[in-house]
Q: 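Just dropping this structure here.
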Amino acid sequence: MKSLFKKRETAFTYHRHYLSAQKKWSEKMSRLAEGYSKRKLIFLLGLFVILSAGYLLYNLYNAFSGKEAQKVKISEQTVKIKIID
C-alpha cells in the first residue's frame with residue numbers, strides 16, 4: 001500500500017495523440033470565443049451550467065419517480081419467456 005503513495009521517479013508523459021487532440025481542441029475553442037467579451041463568456045458558462053444541471057435533475061426525477069415503470073406493461077405477445085403463475 002505504501003508503494004501507491006511514493007513519488008514518481010520519472011515524469012509522466014502523455015501520448016502524442018492525446019496532446020495533439022488537446023491542442024486542436026484548445027485552438028478551436030479559442031477561435032470560437034475570440035470575439036466575445038468576458039461578461040458574455042461568463043453568461044454563456046452560467047447558461048451551460050444551468051441547462052446541464054436542469055437536464056441532470058430531470059433525468060434523476062424520471063429515474064426515481066416510477067412514472068415510466070408504470071407505463072410499461074408486459075404482455076404475453078412481447079415476452080418470449082412464458083410467465084408461470
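Numbers here simply count residues along the sequence, with the first being 1. Quick caveat, the model's predicted, so the values are computed rather than measured.
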Q: Test of understanding: clusters of I, L, V, M, F, W, Y form through side-chain heavy atoms closer than 4.5 Å, transitively. Do Y36 and L47 belong to the same one?
A: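 Y36 does not cluster with L47.
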Q: Find out if a path of hydrophobic residues (ILVMFWY) with successive side-chain heavy-atom gaps under 4.5 Å connects L44 to I42.
A: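 Hydrophobic grouping puts L44 apart from I42.
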Q: What residue among K24, R16, K23 forms side chain to side chain contact (heavy atoms under 4.5 Å, CB included) with S20?
A: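 Answer after filtering K24, R16, K23: K24.
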Q: Let's go through K40 and S37 carefully: what are the C-alpha distance in whole Å and the side-chain angles of both, what is the deciding distance for side chain to side chain contact (heavy atoms under 4.5 Å, CB included) to 0.1 Å, and is it a yes or a no?
A: CA-CA 5 Å; K40 193 168 190 175; S37 66; 3.6 Å; yes
Q: At what distance, to the nearest 0.5 angstrom, does CG of L32 lie from NZ of K28?
A: 6.5 Å
Q: Can you tell me how far apart CG (L57) and CG (N62) are? Round to the nearest 0.5 Å.
A: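 Interatomic distance, L57 CG to N62 CG, rounded to 0.5 Å: 11.0 Å.
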Q: With distance as the sole test, does S52 use its side chain to make a donor-acceptor pair with the main-chain N or O of F48 at under 3.5 Å?
A: yes
